Amino acid sequence: MSKKILVVDDEQSILTLLQYNLEKAGYLVQTAMDGEAGIQSCIADEPDLIVLDLMLPKMDGLEVCKELRQRKIMVPILMLTAKDDEFDKVLGLELGADDYMTKPFSPREVVARVKAILRRSSHTHQEVEQKEPDEPEQMIIGDLKVLPEHYEAYYVNERLDLTPKEFELLVYLAKHKGRVLTRDQLLSAVWDYDFAGDTRIVDVHISHLREKIERNTKKPLYIKTIRGLGYKLEEPKMDE
């Protein structure tokens with residue numbers, strides 16, 4: 001069955017261009033031209049991915065992203081922004097977007113990015129269904145419990161509300177507990193494509209994970225920064 005894509009943008013020319021190219025790539029495409037209509041369409045049509053413009057009438061992309069995550073709608077979101085503004089990009093990721101692209105962009109690049117996000121999401125669920133016999137059903141690290149086959153994670157017995165990318169990142173870190181993983185390794189493994197050296201998306205998601213599993217984000221016990229290299233998830237040393 002073809003995947004459903006919801007494109008939310010207030011420029012008709014961009015909607016038409018993206019709809020044509022995404023449909024040509026085999027996707028079913030719904031469109032909306034403002035934030036409120038985008039939320040309504042997402043609830044009604046349950047798309048597999050949303051391409052969401054930042055600057056929208058009624059509700060901007062950041063508000064839409066925040067509203068969907070508050071409703072526990074964890075569909076992957078690719079955010080589009082005409083601004084080359086670091087604050088907007090980082091804030092979008094903090095509010096639950098999985099990825100972002102800056103205008104102008106080529107339709108081919110958008111289609112490639114959509115394919116990569118959906119491919120990674122599909123692989124994650126296939127891994128759940130086709131779990132290797134020797135793969136643990138759960139990974140316990142201190143007060144953190146990760147259940148890959150159930151797509152759930154808990155901290156001090158409280159279920160964590162994680163976006164798809166946050167969960168995939170946590171699972172990958174947990175599977176490689178104790179190993180130093182570079183930002184490029186994490187980018188390739190979790191986002192499944194070359195981000196042209198832009199590893200800030202990894203840093204933002206690491207920061208967001210820390211907010212959910214660390215008692216003190218300035219002195220993390222679980223996800224350690226290895227200066228000049230990357231990150232490592234390890235058993236907490238409570239005497240630190």
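Predicted model, so just to flag it, every value in this text is computed and none were measured.
Contact check for Leu78 versus Ile117: side-chain heavy atoms found under the 4.5 Å cut-off. Residues Leu181 and Gln185 have side chains in contact (heavy-atom distance under 4.5 Å, counting atoms from C-beta outward). Put simply, the side chain of Leu80 reaches to within 4.5 Å of the side chain of Val51, judged on heavy atoms. Proximity of Val111 to Lys115: side-chain heavy atoms (C-beta onward) are separated by under 4.5 Å at one or more points. Two residues are said to be in side-chain contact when any heavy atoms from C-beta on lie closer than 4.5 Å; Pro148 and Met139 meet this criterion. Here the side chains of Asp60 and Met55 are not in contact, with every heavy-atom distance at 4.5 Å or above. Looking at Val8 and Val64, their side chains never come closer than 4.5 Å, going by heavy atoms from C-beta outward. Using a 4.5 Å heavy-atom threshold, the side chains of Gln30 and Gln19 count as separate.
Applying the 6.0 Å contact sphere to CD of Glu158 captures no more than 12 heavy atoms from other residues, nucleotides or ligands. At most 12 non-hydrogen atoms from other residues, nucleotides or ligands lie less than 6.0 angstrom from OH of Tyr20. Summarising the local packing, CG of Asn157 is surrounded by 12 or fewer heavy atoms from other residues, nucleotides or ligands at distances under 6.0 Å.
In this structure, the separation between OH on Tyr27 and CG on Asp48 is 9.5 Å, given to the nearest 0.5 Å. In this structure, CD on Glu214 lies 9.0 Å from CG on Leu144, to the nearest 0.5 angstrom. Expressed to the nearest 0.5 Å, how far OG1 of Thr16 lies from CD of Glu11 amounts to 11.0 Å. Separating the CD1 atom in Ile141 from the CG atom in Leu221 is a distance of 13.0 Å, to the nearest 0.5 Å.
Ile50 and Ile73 fall within a single hydrophobic cluster, where Ile, Leu, Val, Met, Phe, Trp and Tyr side chains are chained together by heavy-atom contacts under 4.5 Å. Linking Ile, Leu, Val, Met, Phe, Trp and Tyr residues whenever their side-chain heavy atoms come within less than 4.5 Å places Tyr151 and Val146 in a single cluster. Linking ILVMFWY side-chain heavy atoms closer than 4.5 Å, directly or via other members, places Leu160 and Val190 in a single hydrophobic cluster. By the rule that hydrophobic residues join a cluster once side-chain heavy atoms approach within less than 4.5 Å of another member, Val180 and Ile223 end up as members of separate clusters. Follow the hydrophobic side-chain contacts under 4.5 Å out from Ile43 and you never reach Met74; the two are in separate clusters.
Under a 4.0 Å N-O distance rule, the pair Lys145/Glu152 does not qualify as a salt bridge. A salt bridge between Glu234 and Lys224 is present, with a side-chain N of the basic residue lying under 4.0 Å from a carboxylate O of the acidic one. Of the charged side-chain nitrogens involved, at least one lies within less than 4.0 Å of a carboxylate oxygen, so that Arg69 and Asp98 count as a salt-bridged pair. A salt bridge does not link Glu63 to Lys58: none of the charged nitrogens lies less than 4.0 Å from a carboxylate oxygen. One finds a salt bridge joining Asp161 and Lys72 here, because a Lys/Arg side-chain nitrogen approaches an Asp/Glu carboxylate oxygen to under 4.0 Å. Ion pairing between a basic and an acidic side chain is recognised when a charged N comes within 4.0 Å of a carboxylate O; Lys103 and Asp9 show such pairing.
Between Val75 and Pro47, the shortest heavy-atom distance links the atoms CG2-O, 3.4 Å. Gly26 and Ser2 make their closest contact through O-OG, 3.2 Å (heavy atoms, listed as atom of the first residue, atom of the second, distance). Considering every non-hydrogen atom in both Gly38 and Leu6, the closest pair reads O-CD2, 3.5 Å. Of all the heavy atoms in Asn21 and Leu17, the pair that sits closest is ND2-O, 2.8 Å. Nearest approach of Leu56 to Met33, heavy atoms of both residues: CD2-O, 4.4 Å. Nearest heavy atoms, Gly142 versus Glu235: N-OE1, 3.2 Å.
By the 30° and 60° cut-offs, the orientation of the rings of Tyr155 relative to Tyr222 is perpendicular.
Counted by atom type alone, Asp203 and Tyr231 present one or more donor-acceptor pairs between their side chains at under 3.5 Å. Remark: the Arg210 side chain and the Thr225 side chain contain an N/O donor-acceptor pair separated by less than 3.5 Å.
Looking at Lys4, its side chain does come within 3.5 Å of a backbone N or O of Asp45 through a donor-acceptor pair. Side-chain N or O atoms of His176 include one that pairs as donor or acceptor with a backbone N or O of Tyr172 at under 3.5 Å.
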Please evaluate residues Asp143 and Lys212 with respect to the criterion salt bridge (Lys or Arg N to Asp or Glu O under 4.0 Å), reporting the C-alpha separation (whole Å), side-chain torsions for both, the decisive distance (0.1 Å), and the verdict. CA-CA 12 Å; Asp143 289 324; Lys212 298 178 180 181; over 6 Å; no
Side chain to side chain contact (heavy atoms under 4.5 Å, CB included) between Ile5 and Val114, intermediate numbers included: CA-CA 9 Å; Ile5 310 296; Val114 166; 3.9 Å; yes
Under the side chain to side chain contact (heavy atoms under 4.5 Å, CB included) criterion, do Met59 and Asp34 qualify, and how do the steps go? CA-CA 7 Å; Met59 293 177 69; Asp34 65 66; over 6 Å; no
